Engineer: 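First the structure, then my questions, so here it is.
Within every chain, numbering begins at 1; the chains are lettered A, B, ... in the order of the sequence lines, protein sequences first and strands thereafter. All values reported here derive from a predicted model rather than from experimental measurement.
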There are 2 protein chains.
Amino acid sequence: MQNYKMLIQYEGTKYNGWQRQGNTKNTIQGKIEDILLKLCGKPVEVHGSGRTDAGVHAMGQVVSFKADISLSTREITAYFNSYLPSDIAVIATEVAEERFHARLNAISKTYVYRIWRNEIPDVFGRRTRYTFTEPLDVDKMREAAGKLCGTHDFMAFCSNKKSKKSTVRTLYSIDIRQTKNELKLTFRGDGFLYNMVRIMTGTLLEIGEGKKKAGDIEKIFKSLSRENAGATAPAEGLTLAEVEY
Amino acid sequence: MQNYKMLIQYEGTKYNGWQRQGNTKNTIQGKIEDILLKLCGKPVEVHGSGRTDAGVHAMGQVVSFKADISLSTREITAYFNSYLPSDIAVIATEVAEERFHARLNAISKTYVYRIWRNEIPDVFGRRTRYTFTEPLDVDKMREAAGKLCGTHDFMAFCSNKKSKKSTVRTLYSIDIRQTKNELKLTFRGDGFLYNMVRIMTGTLLEIGEGKKKAGDIEKIFKSLSRENAGATAPAEGLTLAEVEY
């Protein structure tokens with residue numbers, strides 16, 4: 001058995017997220033595993049670096065799996081791409097160390113949230129950007145972003161109430177760039193909770209609009225309560241850009 | 001009656017081209033005219049700067065129409081965008097001189113043909129790029145492009161055999177740019193015949209592959225015969241970038 005590491009891209013628009021779950025059809029993991037089943041003749045479980053929600057995209061999702069395949073890594077990439085739908089692609093396949101695991105070994109992840117800032121619709125970028133045209137005080141958003149960074153209990157920025165696992169994470173940076181028609185938020189951290197990037201984005205937008213204050217961030221952290229953070233920003237604007245090991 | 005000039009964008013993937021024709025449903029012109037009918041309460045004919053084929057995109061298509069509308073140009077833009085599907089957008093509306101006509105007054109047009117040059121599928125750009133991964137001698141393509149430029153009878157580069165109109169056009173420039181994964185051909189001319197950009201692109205690709213020679217261009221022109229030019233490159237790679245008046 002060989003351990004493989006694979007870099008994949010997808011436009012998440014049509015999918016029910018990364019994770020295959022019970023009867024949930026049409027997941028990215030499901031599409032990858034369907035092809036592995038065809039290639040190996042038996043079910044092979046694929047581990048992603050993390051789950052992406054329904055509608056979220058990936059430029060650089062990383063997956064790992066163990067399998068017995070008599071093809072070169074280049075041939076494996078080509079095999080997958082010949083069977084995958086056009087909105088999912090394998091960028092590269094490599095043989096990994098025996099103990100490599102896409103989720104457990106990830107040391108940081110980078111997510112990008114793209115916001116279209118023009119009332120004129122975004123024909124060519126509409127699937128990967130969220131349109132939000134209200135006036136925003138971007139300096140206030142940057143001030144709040146600074147307060148979000150660091151090691152905190154991000155419980156208030158997580159949609160999953162059931163989990164008993166630690167909700168402490170370290171957010172290394174939030175870079176906010178403004179161009180004529182786009183506001184781009186880049187989040188880099190050691191890991192992200194369920195919906196965490198989208199809730200941070202929604203909170204930063206409310207701060208930019210003046211509905212919340214940058215100084216509220218500390219109170220939201222302390223409250224540990226999802227209700228105190230902002231709304232969950234729509235999935236379409238979010239892309240998993242990179243995973244580092 | 002006011003004369004209007006409108007700048008529009010569309011992702012042509014789902015449409016049967018620009019022109020409404022008899023029973024052809026699902027054309028860009030049809031979508032625009034449907035909204036004008038709703039707005040004006042009677043049919044209004046819209047003139048495009050030119051027809052784009054089924055599957056061809058536009059960043060800067062220009063249209064004109066005469067109508068009686070009691071809204072500001074800004075409001076007209078917003079009205080259209082509230083009813084148009086998400087793959088068509090009105091970028092701007094302005095009041096034009098009485099005699100302005102989007103097709104008759106156009107003095108030049110710029111088309112861009114995008115080619116994806118990597119075997120790894122192009123997930124995020126796939127709808128507006130044609131994937132072609134064979135080796136290409138780009139210098140040979142540039143040499144041939146130089147021979148295509150100028151004033152010529154482009155009959156051999158036109159799919160429409162029936163037309164009795166002049167097939168003489170002036171091609172001002174063909175700019176060929178190569179980046180890591182993309183080859184971008186930009187054509188600027190005073191007008192283009194049916195399928196002309198796609199046939200020139202197909203011919204340049206055959207020259208890049210060595211199937212034809214740059215020196216063949218003159219013979220193809222002289223033959224006035226469509227069979228001597230290269231294949232028609234697929235619609236998906238082509239975008240009408242700009243129309244000048």
Engineer: I'd like to know which of Ser86(B), Ala89(B), Ala78(B) tops the heavy-atom pair count under 4.5 Å against chain A.
Structural biologist: Ser86(B)
Engineer: Can a cation-pi geometry be assigned to Lys38(A) and Tyr83(A), taking NZ or CZ under 6.0 Å from the six-membered ring centre and within 45° of the ring axis?
Structural biologist: yes
Engineer: When the aromatic ring centroids of Tyr172(B) and Phe187(B) are compared, is their separation below 6.0 Å?
Structural biologist: no
Engineer: With sequence neighbours left out, write down each residue that passes side chain to side chain contact (heavy atoms under 4.5 Å, CB included) with Arg142(B), or none if nothing qualifies.
Structural biologist: Val138(B), Asp139(B), Ile176(B)
Engineer: Counting only heavy atoms closer than 4.5 Å, note whether Ile88(A) contacts chain B via side chain, backbone, both or neither.
Structural biologist: backbone
Engineer: For a quick check under 3.5 Å, do Ser108(A) and Glu244(A) share a side-chain donor-acceptor pair by atom type?
Structural biologist: yes
Engineer: Ion pair present between Asp175(B) and Lys184(B), side-chain N to carboxylate O less than 4.0 angstrom?
Structural biologist: no
Engineer: Flag the pair Thr77(A) / Thr73(A) as yes when at least one side-chain heavy-atom distance between them is below 4.5 Å, and no otherwise.
Structural biologist: no
Engineer: Give the minimum heavy-atom separation between Tyr111(A) and Arg51(A), together with the two atoms involved.
Structural biologist: OH-O, 4.0 Å
Engineer: Suppose a student defines contact as a heavy atom less than 4.5 Å from any heavy atom of chain A. Which residues in residues 115-137 of chain B would they list?
Structural biologist: Glu119(B), Ile120(B), Pro121(B), Val123(B), Phe124(B), Arg126(B), Arg127(B), Thr128(B)
